[in-house]
Every structure is written in C-alpha cells, then in structure tokens.
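Just so you know, residue 1 is the first one in the sequence shown, and it goes up from there.
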Amino acid sequence: MRKLKNSELGRKTVEEFKQTEKTPIIVVLDNIRSLNNIGSVFRTSDAFLIEKIYLCGITATPPNKEIHKTALGATESVDWEYVEDTLTLVNQLKNDGVFVASIEQAENSTMLNDFTPQPNKKYAIVMGNEVKGVQQEIVSASDFCIEIPQLGTKHSLNISVSCGVVLWDLFNKVTS
C-alpha cells in the first residue's frame, strides 16, 4: 500500500467547487469564539460540499490569519455570510422551508444515529458557543435538536469535532 500524492487526489479547483452541486446542508455558527474552530468548520464543510456557512454573533469572519491557518483556503471555496443575529437567521431559514436543527443536549433531542433526514429537504445545523452551547432562544426556535451519543465521562466534544461528526453522518444519509 502506498500513500497517494496530493497530485493524485483529484481535488477540485475553487472554480470547480463553486460549480458543483452542493449537499443540501447549511451550517450556522452561533457565537463561536475560537478562530481555529471556525477554520476547521470551513475545511470540513469544503470536504462534504456543504452549501453555505452562516457566521453569527461574535463569530469572526474571513479574511483572518488564524481562520486561514486551519481552513487551508476553504474560506475561498465554501460560500459564507455574516449575520449578526442568529435568531433572525433561524427564523428566515425556517420561512424559506429549511429544517433547522440545533446540535445540543436537550430534552427530547434525537440521537444522531437515530435521525433520518427526509428526502429532498434542506437542513441547517446550528453549532453553539464552546462554553455555553447553542443559545436557549435558538434551541427553542429550532425545529428539533440532534444530540451526538456520548458514553464517556465528559459528555462534551469540541465544536469542530462535533461539526465533523454531524456533517459526516448527515452527508452519508442525504447522499445515499
């Protein structure tokens, strides 16, 4: 077995990425503090052809040296927009027919492994602040909450890890 060279990976150019049909998933970052987490979400979103990222509240925006360090150029490929108020955005997405799911530990949440997306529907996932999680008003406004099953002692994952787990799972479910 031999590791592949970068030139053998068949990577899309930014222009090709922009023209490619996207996965019907939107990521909403609700008050994310860490620039590295933001960059990581961009990079993961690029990998799974995510439609768009919304950066809300205190979430920093590109161009930013620290975001770029982990995004590795994904801020150029993935469509993004800054919206100051997350609740306004969530309500607009719902009005546009997007199903909004907060990724949060909450009453009556659906475990990620039990969640089955409806065919031909667009979903937005809301990822919350590293300390406080998704704001309660956003959880309340969401159509539902998805929880990542965790069996250890911490019951907490880094936001970039949580986003990667959820996007990988949803990508597999909506593209199969």
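For the pair Lys12/Gln19, no side-chain contact is recorded, criterion being any heavy-atom separation below 4.5 Å from C-beta on. Leu112 has its side chain within reach of Val166: a pair of non-hydrogen atoms, C-beta onward, lies under 4.5 Å apart. Using a 4.5 Å heavy-atom threshold, the side chains of Pro24 and Tyr123 count as separate. Using a 4.5 Å cut-off on side-chain heavy atoms (C-beta onward), Val131 and Arg33 make contact. Side-chain contact between Lys173 and Asp169 is present, with at least one heavy-atom pair separated by less than 4.5 Å.
Nearest approach of Gly39 to Thr70, heavy atoms of both residues: CA-OG1, 3.1 Å. When all heavy atoms of Thr75 and Pro62 are compared, the pair lying nearest together is CG2-CG, 3.5 Å. Taking each heavy atom of Ala141 and Leu87 in turn, the nearest pair found is CB-CD1, 3.6 Å. Of all the heavy atoms in Leu167 and Ser45, the pair that sits closest is CD1-OG, 3.9 Å. Taking each heavy atom of Val134 and Ile103 in turn, the nearest pair found is CG2-O, 3.8 Å. Residues Ala74 and Asp46 come closest through the heavy atom pair CB-CB, 3.8 Å.
The aromatic rings of Trp80 and Phe42 sit perpendicular, their planes meeting at an angle over 60°, well past the 30° parallel limit. Ring geometry, Phe99 versus Phe144: the interplanar angle falls from 30° to 60°, so the pair is classed tilted.
Taking CD of Glu104 as the start and CD1 of Ile138 as the end, the distance is 11.5 Å to the nearest 0.5 Å. Between the OG atom of Ser77 and the CD atom of Glu15 there is a distance of 10.5 Å, given to the nearest 0.5 Å. Interatomic distance, CG of Asn31 versus CG of Leu55, reported as 11.0 Å (0.5 Å rounding). Atom CZ of Phe48 is separated from atom SG of Cys163 by 9.5 Å, given to the nearest 0.5 angstrom. In this structure, the separation between OG on Ser40 and CG on Asn158 is 7.5 Å, given to the nearest 0.5 Å. The CE atom of Met127 lies 11.5 Å from the CD1 atom of Ile53; values are rounded to the nearest 0.5 Å.
Put simply, Val28 and Leu35 are part of two different groups of oily side chains (I, L, V, M, F, W, Y) that touch within less than 4.5 Å, one to the next. Placement of Phe115 and Val126 in two distinct hydrophobic clusters is found when ILVMFWY residues are connected by side-chain heavy-atom separations under 4.5 Å, directly or transitively. Put simply, Ile32 and Val100 are part of two different groups of oily side chains (I, L, V, M, F, W, Y) that touch within less than 4.5 Å, one to the next. With hydrophobic clusters built from ILVMFWY side chains whose heavy atoms lie under 4.5 angstrom apart, Ile25 does not share a cluster with Val83. Val161 and Ile146 fall within the same hydrophobic cluster, where Ile, Leu, Val, Met, Phe, Trp and Tyr residues are linked whenever their side-chain heavy atoms come under 4.5 Å apart, directly or through other members.
The pair Glu8-Lys5 fails the salt-bridge criterion, with no side-chain N (NZ, NE, NH1 or NH2) lying under 4.0 Å from an Asp/Glu carboxylate O. Taking 4.0 Å as the cut-off between side-chain N and carboxylate O, Glu16 and Arg11 do not count as a salt-bridged pair.
Side-chain rings of Tyr54 and Tyr82 stay apart, their centers remaining 6.0 Å or farther from each other.
Panel note: side chain Glu76, backbone Val14; no donor-acceptor pair is recorded below 3.5 Å. Remark: side-chain polar atoms of Thr59 are paired, donor with acceptor, to backbone N or O of Cys56 under 3.5 angstrom. Side chain of Asn172 to main chain of Trp168: a donor-acceptor pair is present (N/O by atom type, distance under 3.5 Å, no hydrogens or angles).
Judged by the 6.0 Å and 45° rule, Lys22 forms a cation-pi pair with Phe17.
Other residues, nucleotides and ligands contribute over 12 non-hydrogen atoms within 6.0 Å of the CD atom of Gln118. For Lys132, the NZ atom counts as loosely surrounded, since its 6.0 Å shell holds 12 or fewer non-hydrogen atoms of other residues, nucleotides or ligands. Remark: Glu84 CD is loosely packed, at most 12 non-hydrogen atoms of other residues, nucleotides or ligands lying under 6.0 Å away. At most 12 non-hydrogen atoms from other residues, nucleotides or ligands lie less than 6.0 angstrom from CG of Asn108. Annotation: Asn120, atom CG; neighbour count of heavy atoms from other residues, nucleotides and ligands within 6.0 Å does not exceed 12.
Counted by atom type alone, Ser109 and Gln105 present zero donor-acceptor pairs between their side chains at under 3.5 Å. Of the N and O atoms on the side chains of Ser34 and Asn36, not one donor lies less than 3.5 Å from an acceptor on the other residue.
With Asp30 as the partner, the side-chain contact (heavy atoms from CB on, under 4.5 Å) test is satisfied by one option alone out of Leu89, Asn129, Thr86, Ile159: Thr86.
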Between Asn37 and Glu130, does a side chain to side chain contact (heavy atoms under 4.5 Å, CB included) hold up when you go through it step by step?
-> CA-CA 9 Å; Asn37 283 337; Glu130 292 89 342; 3.0 Å; yes
Residues Ile26, Ile50; criterion side chain to side chain contact (heavy atoms under 4.5 Å, CB included); working and verdict = CA-CA 6 Å; Ile26 295 167; Ile50 298 307; 5.8 Å; no
